[in-house]
*Asks:* 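Before anything else, here's the structure in question.
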Amino acid sequence: MTEETAKPRRFLTIEQAAEELNVNPNQIRALLRTGELRGIQVGGRGVWRIGLADVEDYIAEAYRRTAERIAAGELKDEESTHGLQESTR
């Protein structure tokens, strides 16, 4: 099979999921431990694999939670935060 006809990956390693979400692999491990991110352990050594759909579900849920926090006034945008920091210098 060539790259163009290769079947898309169904599962990611911890490192690949971390790269996809632009976080440290330790953050992915923590999300797996808390159940915030779904994954499976395979093989005798219990190697973690995270489904692509599970990563997409995590992203969608993170967007939903963020929108709720913005609507509740719990989050400020980065510009207003940076502006406050710069004006206090």
*Asks:* Can you measure from CD1 (Ile59) to CG (Asp54) and round to the nearest 0.5 angstrom?
*Replies:* 11.0 Å
*Asks:* Looking at side-chain heavy atoms only, is the closest gap between Ile14 and Leu32 below 4.5 Å?
*Replies:*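 Contact flag for Ile14/Leu32 side chains = yes.
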*Asks:* Given Val55, which partner from the list Glu20, Gln16, Arg38 fulfils the side chain to side chain contact (heavy atoms under 4.5 Å, CB included) test?
*Replies:*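 Passing option: Glu20.
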*Asks:* Does any part of the side chain of Arg10, heavy atoms only, come nearer than 4.5 Å to the side chain of Arg49, both counted from C-beta?
*Replies:* no
*Asks:* Is a salt bridge present between Arg29 and Glu15, judged by a nitrogen-to-oxygen distance below 4.0 Å?
*Replies:*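 Judged by the 4.0 Å cut-off on N to carboxylate O distance, Arg29 and Glu15 do form a salt bridge.
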*Asks:* Is a salt bridge present between Arg65 and Glu74, judged by a nitrogen-to-oxygen distance below 4.0 Å?
*Replies:* no
*Asks:* Would you call Arg64 and Glu61 a salt bridge, taking side-chain N to carboxylate O under 4.0 Å as the test?
*Replies:* yes
*Asks:* With hydrophobic residues grouped by side-chain heavy-atom distances under 4.5 Å, do Tyr63 and Leu75 end up in a single group?
*Replies:* no
*Asks:* Would Ile50 and Ile40 satisfy side-chain contact (heavy atoms from CB on, under 4.5 Å), going step by step from the backbone distance to the final call?
*Replies:* CA-CA 6 Å; Ile50 301 106; Ile40 59 172; over 6 Å; no
*Asks:* Are the side chain of Gln27 and the backbone of Asn24 linked by a donor-acceptor contact shorter than 3.5 Å?
*Replies:*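 Looks like no, no N/O pair under 3.5 Å.
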*Asks:* Considering residues, nucleotides and ligands other than Asn26, do more than 12 of their heavy atoms fall under 6.0 Å from its CG?
*Replies:*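 More than 12 within 6.0 Å, yes.
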*Asks:* Distance from Asn22 atom CG to Glu19 atom CD, nearest 0.5 Å?
*Replies:* 9.0 Å
*Asks:* Pair Leu31, Tyr58 - check side-chain contact (heavy atoms from CB on, under 4.5 Å), show working.
*Replies:* CA-CA 10 Å; Leu31 292 169; Tyr58 174 80; 3.7 Å; yes
*Asks:* Going only through I, L, V, M, F, W and Y residues with side-chain contacts under 4.5 Å, is there a path from Trp48 to Val42?
*Replies:*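 No; Val42 is not reachable from Trp48 via cluster members.
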